[in-house]
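Letters A, B, ... are given to chains in the order of the sequence lines, protein chains preceding strands, and every chain is numbered from 1. Side chains are part of it too, since the values below use all heavy atoms of this structure and drop only hydrogens, waters and symmetry mates.
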Amino acid sequence: MNKPRGTQDILPSEVHKWHHVESTFRDVCRRFGYKEIRTPLFEYTNLFKRGVGETTDVVSKEMYTVFNSREYTNYIAKRELMDAPPLDVMKDFMNDKNGMTLKPEGTAPVARSFVENKMYADSQPTKMYYVTACSRHERPQAGRLRQFHQFGVEIFSAYGASADAESIAVADTFMRELGLTNIELNINSVGCPECRPKYHEILKSFLSSKLDKLCETCQERYEKNPLRILDCKNPSCQAELVEAPVMLDHLCDDCEDHFGKLKTYLEAMGVEYVIDPKIVRGLDYYTKTAFEFISGEIGAQSTVCGGGRYNKLVAEIGGPETPGVGFGMGIERLIMTLEANGIEFPAPATPDLFIVAMGEEALAPAVGLTQKLRLKGISADTDHMGRSMKAQMKFADKMNATHTVVLGSNEIDQGKAQIKNMESGEQTEVSITDIDSIVAIIKG
RNA sequence: GCGGUUGUAGUCAAGUGGUUAAGACACAGGAUUGUGGCUCCUGCAUUCGUGGGUUCGAAUCCCAUCAGCCGCCCCA
């Protein structure tokens, strides 16, 4: 048996890295005033269709969508009774009955919960963070898995650019605290429903004369999503685009003002940024601010963190008109970047005491002592393998136990034993019934 | 969805048609009958991702399949 393609086991030998980044993230969020939210593994498919956008790659071809087979059967039966034309029943069913989709991203579920739980009725803004697994059916490659994990934050109800700046500052502070310095923040504005359509027309008229010189995919993008042409990696397309108009030069007054303030606030917080007019996000809900944190060390998937403002999302999924801004960060990519930069993770905890049990007679007293120490908060362990004393000592050494104690018939008869400090080799005699003094020696 | 590449023990690997598949690390046991790290000794793949085929003979050649890795697209 093997694990599904594109999934990963986080092994005991690796998990301390996850604990470290998770606890650092939680602590940064605490200081910024964000509270954790946990949403379900799966949602009704329509949430993502409406929230993320039906035409996006994520929704149109990467979602893990499932449905309840009994509902499906009932649905077909009903249609037959109604004598309805069952053309593409499966698709029909999934649109009508919703189906369920494993969440491919974190923002839409959080927005759904914001609306469903009427959080907009509380004092605003609402500031939340999440740590979650996401699933997307893509071809795995470096820094890309089918099940991956995200940190993210969302701020609802704040129109001002200080909220955009704050969410960026959360990511920036977090990564700095982990020791990451050579990671670049790129910012842009993708406009709003006021100015973006106008810009599209300007861009299309610029491109219309050059259309035949663009690559095939860009020619397709011309009608569907002309913005995407800007970040085509094909060098010949890029050559045609040097003079291309950029969204930033065609923002409406409101977006222009917002972007200017964002820069001011970032500077006030000491967050360094680079303006990249070519950032285009593939999720439909972004308006105004879009940003990415880029690392050059994890293969082709260089975006460690991506986010922006989404003023239309909450209304789109049926809530009151409410602005929002936030980011998502790939935990696997983050850890890869930390490793590529040689950043050390805090060493995993090691046992405080290993109790060497000599022979089966000693095992009951050893197990008993182990338990008493554990109840006192000590990480204590003893032999489960029936090993010789020497082998148990080797094992204790391999586990990096800081102390050992040998329990044999002598110790049990006399009620005294030698606790050995494994680093110094020093031994201290203790009464094996005096738990507090054993604890005192171990805590040194 | 498309393209490239790799597949020999827990890990890194040698082997490129001819009897028992190197080596290293790891793991396990031992080296004066009660104390770890160093050293030494011993053990550890009836089998080379899987299934077919070619051949007197296949880890080595061919086909298929699966898996991993990398890239495109897109995204975290």
Side-chain angles (χ1 to χ4, degrees), chain A residues 1-8 11 13 52-53 55-63 103-107 130-152 171 215-218 220-221 225 228 231-234 279-283 286 290 292-295 298-307 326-337 354-359 362 385-411 417-427:
Chain A
M1 290 295 279
N2 44 281
K3 61 184 161 48
R5 183 149 207 216
T7 62
Q8 210 171 47
L11 300 173
S13 56
V52 178
T55 59
T56 59
D57 282 28
V58 170
V59 171
S60 63
K61 51 193 197 196
E62 296 169 4
M63 298 208 300
K103 61 180 152 184
E105 56 95 57
T107 299
Y130 59 83
V131 180
T132 189
C134 296
S135 308
R136 305 221 286 232
H137 189 103
E138 298 182 89
R139 194 79 178 264
Q141 96 191 49
R144 183 158 77 204
L145 293 161
R146 288 185 173 181
Q147 186 188 80
F148 59 99
H149 298 79
Q150 276 191 353
F151 293 130
C215 71
E216 245 174 70
T217 38
C218 282
E220 279 171 32
R221 291 197 268 229
N225 193 352
R228 283 233 84 88
D231 68 350
C232 180
K233 279 153 194 100
N234 191 323
I279 295 179
V280 177
R281 316 246 67 231
L283 276 49
Y286 287 107
E292 291 177 346
F293 283 85
I294 307 289
S295 162
I298 51 173
Q301 308 306 314
S302 55
T303 304
V304 174
C305 173
F327 68 78
M329 182 178 312
I331 303 183
E332 287 84 355
R333 288 184 188 180
L334 175 70
I335 290 176
M336 284 171 81
T337 307
F354 188 87
I355 299 170
V356 175
M358 293 199 44
M385 300 300 289
R387 286 195 237 256
S388 67
M389 182 200 69
K390 195 179 182 82
Q392 289 185 50
M393 285 302 291
K394 277 194 175 185
F395 181 75
D397 186 52
K398 208 168 295 172
M399 294 301 106
N400 262 309
T402 55
H403 298 266
T404 53
V405 63
V406 175
L407 236 51
S409 49
N410 294 346
E411 287 76 10
Q418 302 287 328
I419 290 189
K420 180 171 182 173
N421 179 313
M422 291 295 274
E423 202 183 341
S424 65
E426 193 182 309
Q427 304 209 44

B:U11 C1' sits how many Å from A:L11 CG, rounded?
13 Å
Return the value, rounded to whole Å, for the distance between atom NZ of A:K61 and atom C1' of B:G1.
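Answer to the nearest Å: 7 Å.
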Among residues at least two apart in sequence or on other chains, which ones pass ring pair (Phe, Tyr, Trp, His ring centres under 6.0 Å) with A:Y286?
none
Mind checking ring pair (Phe, Tyr, Trp, His ring centres under 6.0 Å) for A:F395 and listing every partner two or more places apart, or none if nothing turns up?
A:F354
Could you work out, with side-chain contact (heavy atoms from CB on, under 4.5 Å) as the rule, every residue matching [X], not counting sequence neighbours?
X: A:R5; result: A:R139, A:P140, A:R146
X: A:A142; result: none
X: A:V280; result: A:L227, A:R228, A:D231
X: A:A417; result: A:V405, A:L407, A:E411, A:I432

Under 4.0 Å, heavy atoms only, any strand: does A:R144 hit a base, just the sugar-phosphate, or nothing?
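Answer is base: heavy atoms of A:R144 come under 4.0 Å of a base.
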For A:D57, give me all partners under salt bridge (charged side-chain N to carboxylate O under 4.0 Å, His left out), at least two apart in sequence or on another chain.
A:K61
Could you run through nucleotides 33-43 of chain B and give me one letter per nucleotide, 5' to 3': B if any protein heavy atom sits under 4.0 Å from the base, S if only the sugar-phosphate is that close, - if neither?
-BBBB------
Using nucleotides 67-70 of chain B, report all nitrogen or oxygen pairs with the protein that are shorter than 3.5 Å.
{"from": "B:G68", "atom 1": "OP2", "to": "A:R5", "atom 2": "NE", "distance (Å)": "2.8"}
{"from": "B:C70", "atom 1": "OP2", "to": "A:A142", "atom 2": "N", "distance (Å)": "2.9"}

